[in-house]
Amino acid sequence: MAKDAIISVKEAEEKVRKMIEESVQASKRSKNETILRAEEEYVRIINEAEDNAKLIRDDAKIEGETVSKPILEDGSLEASKIIDISDDNINTAVNNIIERIVNANGNS
(Lines give C-alpha, C1' and ligand atoms only; values in the text may rest on other atoms or scores of the structure.)
Protein backbone atom coordinates (compact mmCIF):
# COMPACT_ATOMS: atom_id res chain seq x y z
CA MET A 1 0.00 0.00 0.00
CA ALA A 2 2.75 2.47 0.93
CA LYS A 3 4.62 1.36 -2.17
CA ASP A 4 1.55 2.15 -4.32
CA ALA A 5 1.28 5.58 -2.69
CA ILE A 6 4.95 6.30 -3.36
CA ILE A 7 4.58 5.21 -6.99
CA SER A 8 1.45 7.34 -7.30
CA VAL A 9 3.27 10.39 -5.83
CA LYS A 10 6.24 9.82 -8.18
CA GLU A 11 3.89 9.60 -11.16
CA ALA A 12 2.16 12.79 -10.05
CA GLU A 13 5.53 14.51 -9.63
CA GLU A 14 6.57 13.37 -13.11
CA LYS A 15 3.30 14.70 -14.58
CA VAL A 16 3.82 18.04 -12.82
CA ARG A 17 7.43 18.19 -14.02
CA LYS A 18 6.28 17.57 -17.62
CA MET A 19 3.55 20.18 -17.24
CA ILE A 20 6.07 22.72 -15.98
CA GLU A 21 8.45 21.88 -18.81
CA GLU A 22 5.66 22.23 -21.37
CA SER A 23 4.60 25.53 -19.79
CA VAL A 24 8.16 26.86 -19.95
CA GLN A 25 8.41 25.83 -23.62
CA ALA A 26 5.04 27.41 -24.41
CA SER A 27 6.13 30.58 -22.63
CA LYS A 28 9.35 30.71 -24.66
CA ARG A 29 7.42 30.18 -27.91
CA SER A 30 4.96 32.89 -26.94
CA LYS A 31 7.78 35.28 -26.08
CA ASN A 32 9.56 34.60 -29.38
CA GLU A 33 6.33 35.05 -31.35
CA THR A 34 5.66 38.32 -29.54
CA ILE A 35 9.17 39.58 -30.28
CA LEU A 36 8.76 38.60 -33.93
CA ARG A 37 5.39 40.38 -34.18
CA ALA A 38 6.86 43.46 -32.47
CA GLU A 39 9.76 43.54 -34.95
CA GLU A 40 7.36 43.19 -37.88
CA GLU A 41 5.20 46.01 -36.50
CA TYR A 42 8.30 48.16 -35.97
CA VAL A 43 9.37 47.64 -39.60
CA ARG A 44 5.83 48.40 -40.80
CA ILE A 45 5.69 51.63 -38.77
CA ILE A 46 9.14 52.73 -39.98
CA ASN A 47 8.20 52.02 -43.61
CA GLU A 48 4.94 53.92 -43.22
CA ALA A 49 6.79 56.88 -41.67
CA GLU A 50 9.35 56.87 -44.48
CA ASP A 51 6.54 56.80 -47.07
CA ASN A 52 4.81 59.71 -45.34
CA ALA A 53 8.07 61.65 -45.15
CA LYS A 54 8.64 61.08 -48.88
CA LEU A 55 5.13 62.36 -49.67
CA ILE A 56 5.68 65.45 -47.52
CA ARG A 57 9.08 66.05 -49.13
CA ASP A 58 7.61 65.64 -52.63
CA ASP A 59 4.71 67.98 -51.82
CA ALA A 60 7.13 70.57 -50.43
CA LYS A 61 9.30 70.31 -53.54
CA ILE A 62 6.29 70.78 -55.83
CA GLU A 63 5.10 73.74 -53.76
CA GLY A 64 8.57 75.29 -53.82
CA GLU A 65 8.79 74.89 -57.58
CA THR A 66 5.32 76.39 -57.99
CA VAL A 67 6.19 79.39 -55.82
CA SER A 68 9.60 79.93 -57.38
CA LYS A 69 8.54 79.55 -61.03
CA PRO A 70 7.04 83.04 -61.44
CA ILE A 71 9.95 84.58 -59.52
CA LEU A 72 12.46 82.87 -61.77
CA GLU A 73 10.51 83.88 -64.87
CA ASP A 74 10.40 87.52 -63.73
CA GLY A 75 14.11 87.44 -62.96
CA SER A 76 14.84 85.96 -66.34
CA LEU A 77 12.80 88.69 -68.06
CA GLU A 78 14.58 91.40 -66.08
CA ALA A 79 17.95 89.84 -66.89
CA SER A 80 17.02 89.78 -70.58
CA LYS A 81 16.04 93.45 -70.43
CA ILE A 82 19.37 94.36 -68.86
CA ILE A 83 21.29 92.27 -71.39
CA ASP A 84 19.36 93.91 -74.22
CA ILE A 85 20.37 97.45 -73.17
CA SER A 86 22.48 98.82 -75.98
CA ASP A 87 26.02 100.01 -75.44
CA ASP A 88 24.96 103.50 -76.54
CA ASN A 89 22.35 103.66 -73.76
CA ILE A 90 24.88 102.43 -71.20
CA ASN A 91 27.46 104.98 -72.37
CA THR A 92 24.86 107.76 -72.21
CA ALA A 93 23.88 106.76 -68.67
CA VAL A 94 27.52 106.59 -67.57
CA ASN A 95 28.25 110.00 -69.08
CA ASN A 96 25.19 111.53 -67.37
CA ILE A 97 26.29 110.13 -64.01
CA ILE A 98 29.83 111.38 -64.49
CA GLU A 99 28.53 114.81 -65.50
CA ARG A 100 26.36 115.03 -62.37
CA ILE A 101 29.23 113.99 -60.14
CA VAL A 102 31.57 116.52 -61.73
CA ASN A 103 28.95 119.29 -61.56
CA ALA A 104 28.10 118.48 -57.96
CA ASN A 105 31.77 118.49 -56.92
CA GLY A 106 32.60 121.47 -59.09
CA ASN A 107 29.93 123.60 -57.37
CA SER A 108 31.21 123.01 -53.86
Side-chain angles (χ1 to χ4, degrees):
M1 183 105 144
K3 186 177 181 182
D4 290 340
I6 291 173
I7 290 173
S8 179
V9 167
K10 283 187 178 186
E11 287 174 355
E13 286 176 346
E14 183 61 25
K15 283 182 184 179
V16 169
R17 187 188 62 74
K18 284 183 181 180
M19 288 173 57
I20 291 172
E21 187 176 304
E22 288 171 0
S23 295
V24 167
Q25 291 302 319
S27 173
K28 286 180 182 178
R29 278 192 306 273
S30 177
K31 177 184 171 189
N32 290 337
E33 289 172 4
T34 301
I35 290 171
L36 181 61
R37 275 190 245 127
E39 288 173 352
E40 289 170 353
E41 184 66 8
Y42 170 79
V43 168
R44 186 193 67 75
I45 290 169
I46 293 297
N47 287 337
E48 184 178 327
E50 287 174 347
D51 291 344
N52 287 338
K54 185 180 182 310
L55 288 174
I56 292 168
R57 188 173 44 249
D58 291 346
D59 288 346
K61 181 179 178 184
I62 290 169
E63 182 179 353
E65 289 171 350
T66 302
V67 169
S68 68
K69 185 176 181 180
I71 296 169
L72 292 173
E73 288 173 353
D74 289 346
S76 180
L77 286 174
E78 291 298 318
S80 293
K81 288 178 186 177
I82 292 170
I83 290 171
D84 290 342
I85 295 175
S86 70
D87 287 341
D88 288 340
N89 287 344
I90 292 174
N91 287 334
T92 301
V94 168
N95 289 333
N96 287 339
I97 293 170
I98 292 172
E99 185 178 315
R100 286 184 187 172
I101 293 172
V102 169
N103 287 340
N105 288 335
N107 290 336
S108 23

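This structure is a prediction, so every number in the text was calculated from the model and none was measured.
Comment: Arg44 engages Glu41 in a salt bridge, judged by a side-chain N to carboxylate O separation of less than 4.0 angstrom. Salt bridge annotation for Glu14-Arg17: present, with a cationic side-chain nitrogen under 4.0 angstrom from a carboxylate oxygen. Comment: Lys81 engages Glu78 in a salt bridge, judged by a side-chain N to carboxylate O separation of less than 4.0 angstrom. With respect to Lys54 and Glu50, no salt bridge is recorded, no charged nitrogen being found less than 4.0 Å from a carboxylate O.
A donor-acceptor distance shorter than 3.5 angstrom exists from the side chain of Thr66 to the backbone of Ile62, with no hydrogens or angles considered. Checked by atom type and distance alone, the side chain of Ser80 pairs as donor or acceptor with a backbone atom of Ser76 at under 3.5 Å. In this structure, the side chain of Ser30 does not engage the main chain of Ala26 through any donor-acceptor pair within 3.5 Å. Within the 3.5 Å criterion, the main-chain N or O of Ser23 finds no donor-acceptor partner in the side chain of Ser27.
Distance CD1/Ile101 to CG/Asn96: 11.0 Å, rounded to 0.5 Å. Note that CG of Leu36 and CZ of Arg29 are 14.5 Å apart. Values are rounded to the nearest 0.5 Å. For the atom pair CG (Asn91) and CD1 (Ile98), the distance works out to 9.5 Å, reported to the nearest 0.5 Å. Atoms OG1 and CD1, from Thr92 and Ile97 in turn, are 11.0 Å apart once rounded to the nearest 0.5 Å.
With a 6.0 Å radius and a threshold of 12 heavy atoms from other residues, nucleotides or ligands, Asp87 has its CG atom at or below the threshold. No more than 12 heavy-atom neighbours from other residues, nucleotides or ligands sit within 6.0 angstrom of CD on Glu63.
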Carefully, step by step, assess Glu33 and Arg37 under the rule salt bridge (Lys or Arg N to Asp or Glu O under 4.0 Å). CA-CA 6 Å; Glu33 289 172 4; Arg37 275 190 245 127; 3.7 Å; yes
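For the pair Ile71 and Val67, the tightest heavy-atom approach, listed with the atom from each and the gap, is CD1-O, 3.7 Å.
If you run side chain to side chain contact (heavy atoms under 4.5 Å, CB included) between Glu48 and each of Asp51, Ile45, Asn52, only Asn52 comes through.
By the rule that hydrophobic residues join a cluster once side-chain heavy atoms approach within less than 4.5 Å of another member, Val102 and Val94 end up as members of one cluster. Linking ILVMFWY side-chain heavy atoms closer than 4.5 Å, directly or via other members, places Val9 and Ile6 in two distinct hydrophobic clusters. By the criterion of side-chain heavy atoms lying less than 4.5 angstrom apart, applied directly or through intervening Ile, Leu, Val, Met, Phe, Trp or Tyr residues, Val43 is not grouped with Ile35; the two fall into different hydrophobic clusters.
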